[in-house]
A.B. asks: 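Before anything else, here's the structure in question.
Letters A, B, ... are given to chains in the order of the sequence lines, protein chains preceding strands, and every chain is numbered from 1.
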There are 2 protein chains.
Amino acid sequence: MTTPKSTGNTSCHTHCTHGHSHDSARAPGEPRDLRDHLRRESLRVTGPRQAILAVLQEHPHPLTNKEIFAALRPGQCDLATVYRSLHLLEDMGLVTRFDFGDGVARFEIIRGDARGHHHHLVCTSCATIVELEDCLAREWEERITRDSGFKEVTHKLEFFGLCPTCQDAKPGTRRQPQKRATRRRGPSISV
Amino acid sequence: MTTPKSTGNTSCHTHCTHGHSHDSARAPGEPRDLRDHLRRESLRVTGPRQAILAVLQEHPHPLTNKEIFAALRPGQCDLATVYRSLHLLEDMGLVTRFDFGDGVARFEIIRGDARGHHHHLVCTSCATIVELEDCLAREWEERITRDSGFKEVTHKLEFFGLCPTCQDAKPGTRRQPQKRATRRRGPSISV
DNA sequence: CCACATTTGCAAACGGTTTGCGTCTGAGCT
DNA sequence: AGCTCAGACGCAAACCGTTTGCAAATGTGG
Ligand SMILES: [Mn+2]
Ligand SMILES: [Mn+2]
Ligand SMILES: [Zn+2]
Ligand SMILES: [Zn+2]
């Protein structure tokens, strides 16, 4: 299990500070996949698509469309294109869509190494994210598949709680009391 | 709404057929709770609130705000009031909010008996819902709580798959091919 | 370098949910 | 029974994330 270190709403995280271009030049890791997948379906390798994948590559946690858009260089790409691109990347199996229950989709690039299917632990107060390593729900899927007669069973699972930092901050001191009273859309944990 | 429906707006499932009134008269089960909870916080026992709880009482699966609204008698209550009431009932701990990942909230009344915390198995093709009995994620929560330092850890978990009926229906015969190409908001299973 | 199908930007549309506000009502009190 | 007023409601408009129609821009195979 990883450490409670992580991405607050929009700040922190391993932001790119070394000065190389994340543009149309192939990045260090998997940009190979992008070209292959696209070419294979006679789709095009465009600047926006490469840039978006690059952004996801640098972030360890799921990002929303807006966050991705914000991470892009100003005139680099339209928000609508970000939405379209993520659907494409999702369909191509290069990114995974996550739903933390707050009505906003989040995406994470699927990394080559073992880290495939996994889940998260999200702080309901500051939105810090912890990546969880293993998933014990696979066994469940099998049992459910047997017992229900359903097929191709999958699942969505996320954990929520109060991170160490927010535990200390006495009630009222919290950065974002989860928007209470105002917008009703906090992570709305259901238990 | 563009999602497939199962628990169709008003069809299927143990619909109430015995002829008693589900109106302002206290129903057989828990209406007691409603009055108590409300009174305790100097809130009011209104017609809409009772009617909404009654609707939830008769349905075995989670219902959306619109479905609840539709199940109500015509001029009985405004849709906005349904939304407001469900937030209230949720805060009072009388109903549980579920999120099947299609951008629409669903609610289920918390029944007295053992059936407290639980999850669902949803058909990605016709949206049929199966209630799952036990939850194996509780143990997980403990481990996660220990390893992460978080507290008050909870989780959201739902399973998805193809129900027996939809398995037979050869591709193309399916009622709602998950709205492909059109609205992009199908149950969007992420896996 | 061309022709053309795919993409993009822009702005409008969408759908679920929330909210401001004037009116109505439940319920404690006289 | 009436009186009173915080709390509810109805209605319509506002919100917000997301999708989409369309004309202009651009990647690609030939
Ligand atoms: Mn992750
Ligand atoms: Mn249920
Ligand atoms: Zn899992
Ligand atoms: Zn559970």
Side-chain angles (χ1 to χ4, degrees), chain A residues 24 34-52 63-70 72 74-92 97-107 179-186 188, chain B residues 1-3 5 24 34-52 63-70 72 74-92 97-107 179-186 188:
Chain A
S24 46
L34 214 218
R35 306 194 89 81
D36 294 348
H37 277 271
L38 290 175
R39 287 279 168 67
R40 190 172 310 139
E41 305 183 50
S42 70
L43 295 179
R44 293 168 188 174
V45 183
T46 70
R49 288 171 184 175
Q50 293 174 125
I52 290 171
L63 291 180
T64 65
N65 284 284
K66 272 191 175 169
E67 291 172 335
I68 293 172
F69 177 64
L72 258 30
Q76 183 145 33
C77 160
D78 188 78
L79 180 56
T81 298
V82 173
Y83 276 99
R84 286 192 273 233
S85 296
L86 282 162
H87 271 296
L88 184 91
L89 294 174
E90 184 187 12
D91 291 344
M92 293 198 311
R97 172 188 300 260
F98 287 103
D99 176 6
F100 290 173
D102 60 352
V104 191
R106 277 163 233 266
F107 303 86
K179 282 297 201 310
R180 252 314 168 200
T182 11
R183 280 254 133 221
R184 227 60 168 286
R185 294 214 192 169
S188 71
Chain B
M1 178 168 332
T2 50
T3 45
K5 45 198 44 191
S24 46
L34 214 217
R35 304 194 90 81
D36 295 348
H37 278 271
L38 290 175
R39 288 278 168 68
R40 190 171 309 140
E41 305 182 49
S42 70
L43 296 179
R44 297 171 186 171
V45 182
T46 69
R49 287 172 184 174
Q50 293 176 124
I52 290 171
L63 292 180
T64 66
N65 284 284
K66 274 191 175 168
E67 291 171 337
I68 293 173
F69 177 64
L72 257 30
Q76 183 146 34
C77 162
D78 188 78
L79 179 56
T81 297
V82 173
Y83 277 99
R84 286 193 271 233
S85 296
L86 283 162
H87 272 296
L88 183 91
L89 295 174
E90 184 186 12
D91 291 344
M92 294 196 312
R97 173 187 299 260
F98 286 102
D99 177 5
F100 290 173
D102 60 352
V104 191
R106 277 163 231 267
F107 304 85
K179 278 301 196 312
R180 255 312 171 200
T182 11
R183 282 249 136 221
R184 228 61 168 281
R185 292 211 193 171
S188 72

A.B. asks: Thr46(B) side chain: which of dC9(D), dG9(C), dA27(C) is closest?
C.D. replies: dC9(D)
A.B. asks: Heavy atoms only: give me the nearest Leu88(B)-Leu43(B) pair and the separation to one decimal.
C.D. replies: CD1-CD1, 3.8 Å
A.B. asks: If I take atom CG in residue Leu38(B) and atom P in nucleotide dT25(C), what distance separates them, rounded to the nearest angstrom?
C.D. replies: 18 Å
A.B. asks: Quantified as the angle between the terminal helix axes (five pairs each), what is the overall bend of the helix from dC1(C)-dG30(D) to dT30(C)-dA1(D) to 10 degrees?
C.D. replies: 40°
A.B. asks: Starting at atom CD1 of Ile52(A), determine the distance to atom P of dT7(C), rounded to an integer number of angstrom.
C.D. replies: 13 Å
A.B. asks: Where each residue is assigned the nucleotide of DNA chain C containing its nearest heavy atom, which of Ala80(B) and Ala80(A) is assigned the position nearer the 5′ end?
C.D. replies: Ala80(A)
A.B. asks: Quick one: what's the B/S/- string for nucleotides 1-7 of chain D, heavy-atom cutoff under 4.0 Å, read 5' to 3'?
C.D. replies: -----BB
A.B. asks: Rounded to whole Å, please give me the gap between CG in Leu86(B) and C1' in dT19(C).
C.D. replies: 17 Å
A.B. asks: Which residues pass the side chain to side chain contact (heavy atoms under 4.5 Å, CB included) test with Thr64(A), not counting sequence neighbours?
C.D. replies: Lys66(A), Glu67(A), Val104(A), Arg106(A)
A.B. asks: Check the distance between dC16(D)'s C1' and Lys66(A)'s NZ and give it to me in whole angstrom.
C.D. replies: 7 Å
A.B. asks: Tell me: CZ of Arg106(B) to P of dG15(C), nearest whole Å?
C.D. replies: 16 Å
A.B. asks: Nearest-nucleotide wise, let me know which of Arg39(B) and Asn65(B) is further upstream toward the 5' end of DNA chain C.
C.D. replies: Asn65(B)
A.B. asks: What distance separates Asn65(B) CG from Leu86(B) CG, expressed to the nearest 0.5 Å?
C.D. replies: 5.0 Å
A.B. asks: Which distance, rounded to the nearest 0.5 Å, do you find between the CZ of Arg84(A) and the CD1 of Ile52(A)?
C.D. replies: 11.0 Å
A.B. asks: Is any side-chain N or O of Tyr83(B) closer than 4.0 Å to OP1 or OP2 of dT18(C)?
C.D. replies: no
A.B. asks: With rounding to the nearest 0.5 angstrom, report the CD1 to OH distance, Ile68(A) to Tyr83(A).
C.D. replies: 9.5 Å
A.B. asks: Examine dT17(C): is either OP1 or OP2 under 4.0 Å from a nitrogen or oxygen in the side chain of His87(B)? Give yes or no.
C.D. replies: no
A.B. asks: Less than 4.5 Å apart, any side-chain heavy atom of Arg97(B) and any of His87(B)?
C.D. replies: yes
A.B. asks: Name the closest nucleotide to the Arg84(A) side chain, picking from dC10(C), dT18(C), dT19(D).
C.D. replies: dC10(C)
A.B. asks: Roughly, in whole Å, what's the span from CE in Met92(A) to P in dT7(C)?
C.D. replies: 10 Å
A.B. asks: Nearest 0.5 angstrom please: Phe107(A) CZ to Leu89(A) CG, how far?
C.D. replies: 9.0 Å
A.B. asks: Measure the CE-CZ distance between Met92(A) and Arg49(A) for me, rounded to the nearest 0.5 Å.
C.D. replies: 7.5 Å
A.B. asks: Just the rounded figure in Å: distance from C1' of dT17(C) to CD of Glu90(B).
C.D. replies: 13 Å
A.B. asks: Atom CZ of Phe100(A) to atom C1' of dG17(D): distance rounded to whole Å?
C.D. replies: 17 Å
A.B. asks: Could you state the interatomic distance from CD (Gln50(A)) to OG (Ser85(A)), rounded to the nearest 0.5 Å?
C.D. replies: 11.0 Å
A.B. asks: Specify the closest pair of heavy atoms between Thr81(B) and Pro48(B), including all atoms of both residues, with the distance to one decimal.
C.D. replies: CG2-CB, 3.9 Å
A.B. asks: Does Thr81(A) put a side-chain nitrogen or oxygen below 4.0 Å from OP1 or OP2 of dT7(C)?
C.D. replies: no
A.B. asks: dG27(D) base to Arg35(A) side chain: any donor-acceptor pair below 3.5 Å?
C.D. replies: no
